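To start, the structure itself, in structure tokens.
As the structure is a prediction and not an experimental result, all values here were calculated from the model.
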Amino acid sequence: MNGGLDERALIGALSTGDLMPESAGAAIEEQRPPDASPSGSATRSPAAESVRGEGEFLEVSLGPHHPSTHGVFRVDVVLDGERVVRLKPVFGYLHRNHEKLGERGSYLAAMPYTDRLDYFCSLTNNWAYALAVEKLAGLEVPERAEYIRVIAAELTRVQNHACLIGFLLQEAGAMGTPIMYAFREREKVLDLFESLTGARMMCNYFRFGGCRCDLPPGWIEQCRRVVAELPRFLDEFENLLATNEILMARTQGVGVLSAALAVNAGVTGPNLRASGVNYDLRKADRYGIYDRFKFRVPLGAHGDVYDRYMIRVLEMRESVAILDQALAGIPEGPILNPRSRLRSFRPRAGEAYGRLEAPKGELGFYLISDGSGSPYRYRIRPPSFINLTVLEDLCVGRLLQDAIVILGGIDIVMGEVDR
Amino acid sequence: METAFLIVSAITLAGAVAAVSLRNLVHCVLAAAVAFAGLAGVFLTLEAEFVAFAQLLVYVGAVSILMVMALGLTRHVTAPAGARAWAPWTVGVGVALLVLAAVVSAVPAAGGPQPAGSGWVAAVRVMGETLMTRHVVALEVLGLLLTAALIGAGVIALPRRKDEE
Amino acid sequence: MSRGVRLVGLGIVKGLIETARNFIGSYRDPRRLVTVEYPEVRLPPVERARTFPMLVYDGADPEAGLRCVACKICEKECPPQCIYIEADRDARGRVLKRPRVFDVDCSVCMGCQICAEVCPFDAIKMNTEYELAVADRFGGLLLRKSQLVRSTEYHRTVHPQEAVEIDAQVAQARARAEAKARAGGGG
Amino acid sequence: MVEAIDQVFVNLKHAVVGWAPPAWQAWVSAGLTVAALMGVFMSLFALVVLLERKGLGRIQNRPGPNRVGPWGLLQPMADFIKMLTKEDVVPAGADRVVHFLAPVAMVAPVLLAYAVLPVGRNMAAVDLDAGVLYFFAVGACIELSVFMAGWAGRNKFALLGAMRAIAQMISYELPLMLAAVPAVMLAGTLSLGGIVEAQAVPAGGWLARWHVLTPWGLAGLALFTIAALAEANRSPFDLPEGESEIVAGHLVEYSGFKYALFFIGEYLGMFAVSGLGITLFLGGWRSPASFLDWVPSYLWFFAKLGGFVALFIWLRGTLPRVRGDQLMALAWKLLVPMALLNIAVAAGWHYSAGWSFAGAWLARWGLGLGILGLGYGALARGLYESQGFGPRVYRFAD
């Protein structure tokens with residue numbers, strides 16, 4: 001790209017904007033380090049000089065305390081008027097040393113921490129970790145547990161996409177209404193999770209070789225009722241905003257991600273499929289029992305924010321189709337592989353990489369075991385973090401309003417970006 | 001009527017002086033806006049409603065915002081802290097005195113002060129008809145001039161955006 | 001959606017109709033209002049809901065009937081290490097199967113119920129109280145044994161099905177132990 | 001009896017003014033009118049704030065504020081007390097004087113605008129000869145206060161918000177005025193009282209001749225409402241306080257009562273502009289038909305005002321925000337040409353008043369609506385399709 005924007009230069013630049021009122025000018029004089037330019041004539045800050053184009057640039061840092069940055073996340077933006085000239089994401093505010101914690105405790109102790117990775121989809125995080133450990137230890141999963149895993153994953157995908165659409169439209173300016181409709185549906189799904197696993201968002205439900213406990217009586221009927229109401233919610237959303245002229249004008253042609261750039265940057269999930277690349281792990285990897293269900297993968301043509309929005313709406317419809325088939329076909333039987341041990345679980349030495357199609361993209365867990373009770377190396381492939389790397393390419397040249405909508409379209413959760 | 005006129009003209013004068021003498025450009029622009037509003041008040045005291053509202057609309061509404069936009073493009077918002085140079089001041093006051101002399105000499109030429117309430121009511125309808133009958137040519141030429149200015153501004157601004165895209 | 005002649009502005013009207021339907025619907029059919037007016041109205045309790053751990057004791061006296069035998073399995077298995085146990089000692093210093101100190105630091109505990117899962121004696125279960133706000137930040141959330149102890153009746157109210165099964169198992173185990181003791185004594 | 005109810009406030013005022021000594025009568029009458037206007041519209045502001053939150057709540061499947069007082073009626077009181085007791089934070093580097101004057105410069109012009117609004121039969125504070133022009137003149141002063149607020153806070157977001165607000169307000173003043181021109185043209189006078197007079201029930205007939213019951217009136221009201229939305233920074237055009245981008249725009253450095261003043265300014269501005277719309281197109285305080293004349297005139301005015309406020313709340317609950325450059329494109333490429341076309345259609349309507357053949361009324365309406373429809377279709381399609389916007393069809397891979 002055009003020259004690195006190093007941290008110190010930008011901090012220096014942030015405080016020298018000379019559009020400030022007169023009294024502020026004096027205040028800046030004293031704080032300025034001794035080697036600064038002579039007072040009065042505020043020369044252009046170093047960060048702005050490396051950028052072509054005449055006229056004065058305004059360096060603004062959106063966040064970390066900002067209403068629309070999806071958590072604690074800062075974007076240093078260099079603006080020419082309202083047009084974004086350079087954009088540098090700064091994150092790490094929510095880093096909790098997740099991977100080192102995974103190496104300290106036992107394999108089981110790491111499971112509740114995976115809930116906190118992408119705190120919107122705790123069950124898919126659990127499944128990805130369980131998948132990796134099962135590959136490592138060579139544990140099979142009984143039939144009923146596989147069905148429960150598919151149902152839980154698809155419910156998580158529906159409520160995550162519903163939240164994403166709500167946040168995206170909130171950023172586009174529709175204050176409150178779409179997010180309330182989305183959260184109304186999400187509450188129903190979270191109630192299902194609470195009655196199944198005990199917690200709404202921090203489920204900690206899967207174990208190596210199956211699930212922790214069986215479905216409570218009447219859960220399947222309750223789940224069928226919730227799934228039956230989802231198409232009505234999706235139609236309501238479609239009528240509310242899908243064909244809304246203002247939204248189409250705000251999102252079509254904005255933040256276009258070309259298929260080549262997406263593949264090179266390692267973007268996965270709905271963002272990749274919105275650019276037209278047909279890559280869905282449920283079809284490619286055939287993990288779990290997804291090959292038994294008939295569902296389609298929607299593909300976008302333009303790769304802009306509108307496509308990402310519509311792809312998620314269509315994926316929710318596909319998830320509803322999968323849920324119907326899974327709820328119809330769930331067998332009776334054990335839910336945990338008898339060979340799986342809870343406490344002193346020591347898989348044989350070796351390494352394994354388990355991955356699945358999380359709502360945000362390809363979520364992978366890479367484990368190296370040295371035969372002891374805790375993993376030697378515990379690495380996570382965070383889809384949000386990798387999708388975020390293309391943010392600057394999408395936003396440069398667009399307006400500040402577009403940059404916020406693009407950021408909303410990528411669907412990042414800081415828990416997963418910072419780990 | 002006298003007191004109202006005195007108050008309003010005092011405001012106008014204060015605004016004008018402040019507009020010239022304040023150090024911070026932003027305060028100058030705001031003071032200028034106060035002067036324009038004061039001028040509208042003067043028209044009101046002369047019961048010329050239409051002119052007063054037009055003044056308020058055009059000057060306080062548009063011209064002061066124009067000055068604000070111009071201010072946005074300048075670099076030095078605060079006057080340099082150095083002592084105030086006396087040369088420009090003397091020239092300024094001199095020019096002001098000249099203008100004052102010219103205005104004072106012009107007053108008798110316009111047939112002396114009109115007695116207040118001399119029946120010539122500046123009703124909007126009367127003004128409309130005279131504009132459209134006696135001064136229609138001037139109105140149309142003015143319209144053309146303004147449209148040309150509008151298009152000119154557009155043309156100047158447009159290419160800068162074009163080559164940047 | 002056909003790309004034929006589409007009146008620009010139709011989408012906006014469709015959106016408006018949708019919100020109008022919700023607005024009028026909220027008056028006609030109260031079920032549409034999904035919010036619960038806490039604290040007067042509360043959500044119905046959920047069988048498996050969990051917040052922080054609690055120690056269960058049988059019978060009336062918390063000291064005697066406490067199921068916990070201070071085996072410290074939960075202390076080892078707890079991911080954030082927020083449980084602290086000290087076994088009780090009798091007059092001559094021999095370790096007893098009873099905890100003298102059992103602290104759970106609720107500011108660290110994340111309610112993951114692994115302690116309840118690994119406990120072989122069903123001594124520690126997950127409570128569902130969530131109104132635990134305290135003014136004192138440094139010691140207020142460190143729950144001592146006396147604050148953690150709950151009776152089986154309370155357990156039956158909080159987790160009905162689970163409590164019934166566990167009480168049955170505990171009763172059987174006790175019956176077998178007494179039968180063996182009597183048989184051993186009689187033999 | 002009906003006359004008495006209608007004129008109850010006017011007679012009350014004359015009675016009270018009568019008691020005052022003759023020298024003071026002018027001042028007392030002026031004071032009373034200002035007090036009445038301020039009282040009515042401030043309480044309307046409090047009520048509408050509550051109605052807005054309840055309306056939005058009901059749209060979003062939740063009951064809206066109902067804790068403070070029955071159905072939340074004391075909520076505005078609670079907000080008011082909170083605003084008064086909140087600490088009034090002024091940023092360290094702020095330009096104190098300009099920071100303090102901005103809310104004053106925001107609320108003063110808006111209150112001035114109420115001087116000409118005819119709230120009921122001969123209940124207009126001042127019936128100026130150039131009432132409409134006065135209204136726009138006073139309305140134009142608000143931009144300056146927005147700039148002062150944006151500049152004084154020494155905050156980059158505030159500066160961005162202020163620049164956006166100025167650009168938006170200036171470019172939407174033109175369609176606002178052009179939309180008002182046909183009503184003024186056909187009524188033949190700039191004074192609001194005169195315009196309401198022109199929309200009275202004709203001698204023989206029973207239906208009032210509101211301007212909205214004509215093709216150009218309908219289009220004029222639509223254009224006027226869109227421009228009014230932009231002037232009051234409401235719903236699809238609330239760019240200056242684009243919460244998701246620039247936090248609260250030019251209001252970001254204000255708290256406590258100064259913020260409440262801006263809030264009051266915005267709402268009163270909204271009432272004033274919709275009041276003007278009502279006077280120009282919906283017959284001000286006139287009843288739609290002669291047999292409905294028994295209802296007092298001020299009730300008609302406030303009922304129509306309620307309709308406008310309900311529309312604003314409805315739009316706010318549904319529509320996303322328009323982007324900056326599209327906002328400008330909408331003003332200059334759609335609203336201004338449509339307003340000019342509307343003036344032409346109004347002129348056509350005026351000169352075709354003499355047609356007396358069989359389907360004259362239908363022909364005039366058909367012609368008017370046809371021209372306006374064609375204009376809108378061409379302009380909107382040009383503006384919209386050229387960017388390639390439109391619903392899309394997606395392919396699926398299995």
Side-chain angles (χ1 to χ4, degrees), chain A residues 17 19-24 27-28 58-60 62 66-68 79 81-82 169-177 179-181 184 240-250 252-253 278 280 283 294-302 306-307 310-311 314 399-405 408, chain D residues 53 56-57 59-62 91-99 151-157 159-160 163-164 167 235-239 241-248 316-327 329-330 380 383-384 387-398:
Chain A
L19 271 176
M20 294 309 156
E22 169 259 333
S23 58
I28 295 176
L58 181 71
E59 283 94 9
V60 176
L62 298 178
H66 187 274
S68 71
L79 291 175
E82 282 241 2
L169 295 169
Q170 177 94 358
E171 248 117 63
M175 296 318 274
T177 312
I179 201 162
M180 280 299 175
Y181 293 168
R184 177 190 68 208
L240 182 67
L241 282 169
T243 58
N244 185 311
E245 275 73 14
I246 297 176
L247 183 74
M248 284 203 274
R250 277 296 299 274
Q252 288 189 352
N278 176 8
D280 183 335
K283 296 277 185 186
K294 204 171 62 55
F295 64 97
R296 306 176 302 175
V297 174
L299 294 174
H302 306 273
Y306 187 76
D307 269 4
M310 282 310 286
I311 289 290
L314 297 172
L399 290 177
L400 181 63
Q401 282 183 299
D402 291 340
I404 298 288
V405 171
Chain D
R53 288 175 62 181
L56 282 182
I59 286 178
Q60 295 162 3
N61 305 95
R62 53 187 174 81
D95 197 331
R96 287 206 177 292
V97 172
V98 177
H99 188 79
W151 170 271
R154 187 182 173 271
N155 176 320
K156 291 184 177 156
F157 288 140
L159 206 58
L160 281 175
M163 288 303 164
R164 274 190 193 178
S235 100
F237 305 107
D238 53 1
L239 265 81
E241 306 125 23
E243 283 78 20
S244 47
E245 299 102 30
I246 40 173
V247 191
R316 175 163 182 206
T318 320
L319 298 181
R321 187 175 306 120
V322 181
R323 200 177 55 197
D325 53 339
Q326 289 158 356
L327 177 85
L330 187 72
L383 185 68
Y384 206 69
Q387 319 267 343
F389 299 146
R392 291 178 180 164
V393 178
Y394 288 88
R395 62 186 175 89
F396 290 84
D398 54 352

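With a 4.5 Å cut-off on non-hydrogen atoms, Arg62(D) touches chain A through its side chain but not through its backbone. Neither the backbone nor the side chain of Ile179(A) comes within less than 4.5 Å of any heavy atom of chain D. Leu399(A) touches chain D through its side chain: at least one heavy atom from C-beta onward sits under 4.5 Å away, while N, CA, C and O do not. With a 4.5 angstrom heavy-atom cutoff, Leu247(A) touches chain D via backbone and side-chain atoms both.
Most heavy-atom pairs under 4.5 Å with chain A: of the set Leu56(D), Asn61(D), Asp325(D), this distinction falls to Asn61(D). Across Gly408(A), Gly300(A), Ala249(A), the residue that shares the most heavy-atom pairs under 4.5 angstrom with chain D is Ala249(A). Between chain D and the options Ile246(A), Ile311(A), Asp280(A), the largest number of non-hydrogen pairs under 4.5 Å is found for Ile246(A). Highest contact tally toward chain A, considering only Met163(D), Gln326(D), Arg96(D), is held by Gln326(D) [criterion: heavy-atom pairs under 4.5 Å].
Using a 4.5 Å heavy-atom cutoff, the side chains of Pro391(D) and Met248(A) are in contact. Counting heavy atoms from C-beta on, the side chains of Val297(A) and Phe396(D) never come closer than 4.5 Å. Between Arg250(A) and Gln401(A), the closest side-chain pair of non-hydrogen atoms falls below 4.5 Å.
Using a 4.0 Å cut-off between charged side-chain N and carboxylate O, Arg154(D) and Asp95(D) make no salt bridge. Arg392(D) and Asp307(A) are joined by a salt bridge, as a carboxylate oxygen and a charged side-chain nitrogen come within less than 4.0 angstrom of each other.
The one candidate from Thr177(A), Leu241(A), Leu169(A) that meets the side-chain contact (heavy atoms from CB on, under 4.5 Å) condition with Pro320(D) is Leu241(A).
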